[in-house]
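Structure first, commentary second.
We use all heavy atoms of the structure for the numbers below, so side chains are in, but hydrogens, waters and symmetry mates are not. As the structure lists them, so they are numbered: ligands from 1, and atoms in each ligand from 1.
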Amino acid sequence: MNMQEEDFIIEIRNVSKFFGEKTALECINLSVRKGEFVTILGPSGCGKTTLLRLLAGFQTVSEGEIRIAGKEITQTPPHKRPVNTVFQKYALFPHLNVYDNIAFGLKLKKLSKAVIERKVRGSLKMVGMTDYEFRDVDSLSGGQQQRVAIARAIVNEPEVLLLDEPLAALDLKMRKDMQMELKEMHKRLGITFVYVTHDQEEALTLSDTIVVMSDGKIQQIGTPIDIYNEPANSFVADFIGESNILNGTMIKDNLVRFCDTNFECVDRGFGEQTPVDVVIRPEDIYIFQQSDAAQLTGVVQSTIFKGVHYEMTVLCGDYEFLVQDYHHFEVGDTVGLLVKPMDIHIMHKERLCNTFEGKLLDAEHVEFLGCTFACMPVSCAQPGEKVSVEVDFNQIILQDNEEDGALTGEVRFILYKGNHYHLTVLSDWDELVYVDTNDVWDDGDRVGITIPAEAIRVVKC
Ligand code: ATP
């Protein structure tokens, strides 16, 4: 056994999963240490359940390799893997009582009655349900049923417990209580937990390590503190906690410009005059009465009492900032804002414009995204040649009426950038189109997509 096998209980190497044309997971690499509590976090449809099902063996990988406890298990059937799964829906047998539900798998393994009894009692104790063994499962609350489901999974003494949104069906109070219990259980059991959720707060509360996913890809792997304080990109910053995410320009090392103002920052190595994303958490912005100390001056647009702090929006020029503070200001107050250099987080932009692969049809027509578009006369390539097509985010027009667009798609992700929205739209051609707009759209909206001829830049490949 080499060092790596000893260190990691789960090793996922270059794993992809395709459902027909659909890529659910793309080249996933992840190593999980023994005893770690790892949470796979992401919005609906990002591929987290698929990844868990590949670990459980309910689905097989299309490409790549999975090793658990040092063994290559890509083709191993579920019951032969050292894992057990707890699902969102408790999946208990309604005609069996608590004891028999937990004992079910052990009876199939033909263990002796005494051993079964010892193991069932042990796992009931572990989930705090000692006195419930002869209760009908139907008579239990949702939280208690989920505890029984966990007891049934851990009674097999798996090396890895897979949990697929196990608390999603519980009400808020029960969910909070169960989060604490799960954390305790993880400590007591000492086994590895791989936990799937779309709830960022749950991920921050429970995990040693968080794996943030979107669109079938891993965006960042890190501790809750790393992910919160140093998000790798604007998607992670937006998904984890509240953020102000703005377009900025890195003027030089330690100096960034946004909102028409220069700010000192601690980041270096971005080059000069480089477009960047700037992320500032709302709790990192100081708000006070207008004074010379302010870096920005703005007017309060809204204010909500949140129990411990106030949450206010402040309009500075045409940028809107979300601010959280113990001090309260009224709507209409003119205020000063200040942010310390170390609280300004600078990120590389993932892209500066849309880039599509296309084919020049004739001097004034180019094919991309599965459609033919009129373009301004092209001289850099010959008809029939493959070309690259660039379109700025703010040049793409979205329409309510799908039929008005040259092609159609669905809004997948919306990022508010202080003075506009940055949308990710999945076209029905299955390519992503990025759009800057002032119009308000919702996740899941169907849209028509129009790209004017003058917005299309044809570039020779
Ligand atoms: P949710 O939180 O909504 O369950 P998720 O992040 O767990 O979302 P997955 O269920 O893993 O996402 O799905 C990832 C993508 O793969 C989705 O676009 C989904 O429609 C697709 N997908 C999943 N299972 C199948 C399947 N059996 N056949 C076709 N497509 C599938």
Side-chain angles (χ1 to χ4, degrees), residues 10 12 14-30 32 38-64 66 74-75 77-78 81 83 85-91 146 149 160-170 172 175 178-179 182 193-207 209-221 227 232-233 235-236 238-240 408-415 423-433 442-447:
I10 299 173
I12 300 173
N14 304 320
V15 162
S16 295
K17 176 70 183 171
F18 311 114
F19 294 107
E21 296 280 289
K22 165 96 205 153
T23 303
L25 293 173
E26 192 180 327
C27 202
I28 299 292
N29 282 288
L30 176 65
V32 177
V38 174
T39 299
I40 303 169
L41 173 70
S44 180
C46 72
K48 51 196 187 303
T49 301
T50 303
L51 185 56
L52 204 75
R53 293 176 73 81
L54 294 180
L55 287 172
F58 302 134
Q59 271 161 353
T60 47
V61 303
S62 307
E63 284 171 7
I66 299 179
T74 313
Q75 299 302 330
R81 300 185 180 201
V83 306
T85 309
V86 178
F87 300 95
Q88 176 182 342
K89 297 274 158 40
Y90 328 116
Q146 198 55 297
V160 178
L161 191 63
L162 306 174
L163 301 113
D164 189 359
E165 306 232 19
L167 310 185
L170 306 180
L172 183 65
R175 202 154 68 227
M178 280 293 285
Q179 282 175 6
L182 268 177
F193 278 28
V194 180
Y195 191 96
V196 159
T197 184
H198 64 272
D199 180 339
Q200 44 105 3
E201 205 184 312
E202 193 159 285
L204 291 171
T205 308
L206 290 173
S207 326
T209 302
I210 299 178
V211 179
V212 186
M213 290 187 62
S214 94
D215 278 324
K217 293 188 220 87
I218 292 180
Q219 301 291 328
Q220 188 169 6
I221 302 175
I227 299 253
N233 54 42
F235 171 83
V236 178
D238 184 62
F239 196 70
I240 310 279
T408 50
E410 185 178 306
V411 176
R412 277 306 185 83
F413 182 61
I414 302 170
L415 198 65
L423 269 48
T424 304
V425 177
L426 181 64
S427 75
D428 294 336
W429 179 248
D430 217 16
E431 258 190 82
L432 295 175
V433 179
D442 282 326
D443 277 335
D445 277 351
R446 297 282 313 161
V447 288

With the criterion set at N/O pairs under 3.5 Å, what does the list of contacts between the protein and ligand 1 look like, atom names and distances included?
unit_1   : atom_1 : unit_2 : atom_2 : d
ligand 1 : 2 (O)  : Lys48  : NZ     : 2.7
ligand 1 : 3 (O)  : Ser44  : OG     : 2.6
ligand 1 : 6 (O)  : Gly45  : N      : 3.3
ligand 1 : 6 (O)  : Cys46  : N      : 3.0
ligand 1 : 6 (O)  : Gly47  : N      : 3.0
ligand 1 : 6 (O)  : Lys48  : N      : 3.2
ligand 1 : 6 (O)  : Lys48  : NZ     : 3.0
ligand 1 : 7 (O)  : Thr49  : N      : 2.9
ligand 1 : 7 (O)  : Thr49  : OG1    : 2.5
ligand 1 : 8 (O)  : Gly45  : N      : 2.7
ligand 1 : 11 (O) : Thr50  : N      : 2.9
ligand 1 : 11 (O) : Thr50  : OG1    : 2.5
ligand 1 : 12 (O) : Gly47  : N      : 3.3

Discussion item. Within the 4.5 Å heavy-atom criterion, are Glu202 and Tyr195 side-chain neighbours or not?
Written reply: yes
Worksheet item: Can you check whether Leu170's main-chain N or O pairs, donor with acceptor, with Arg175's side chain at less than 3.5 Å?
Response: yes
Worksheet item: Asp199 and Thr197: which non-hydrogen atoms are nearest, and at how many Å?
Response: N-OG1, 2.9 Å
Response to the item:
Taken to the nearest 0.5 Å, the spacing of Leu41 CG from Gln219 CD works out to 11.0 Å
Discussion item. I'd like to know if the side chain of Lys48 reaches the main chain of Gly42, judged simply by a donor and an acceptor atom lying under 3.5 Å from each other, with no hydrogens or angles considered.
Written reply: yes
Discussion item. Taking Cys27's backbone N and O only, do any of them form a donor-acceptor pair with Asn14's side chain (distance below 3.5 Å, no angle check)?
Written reply: no
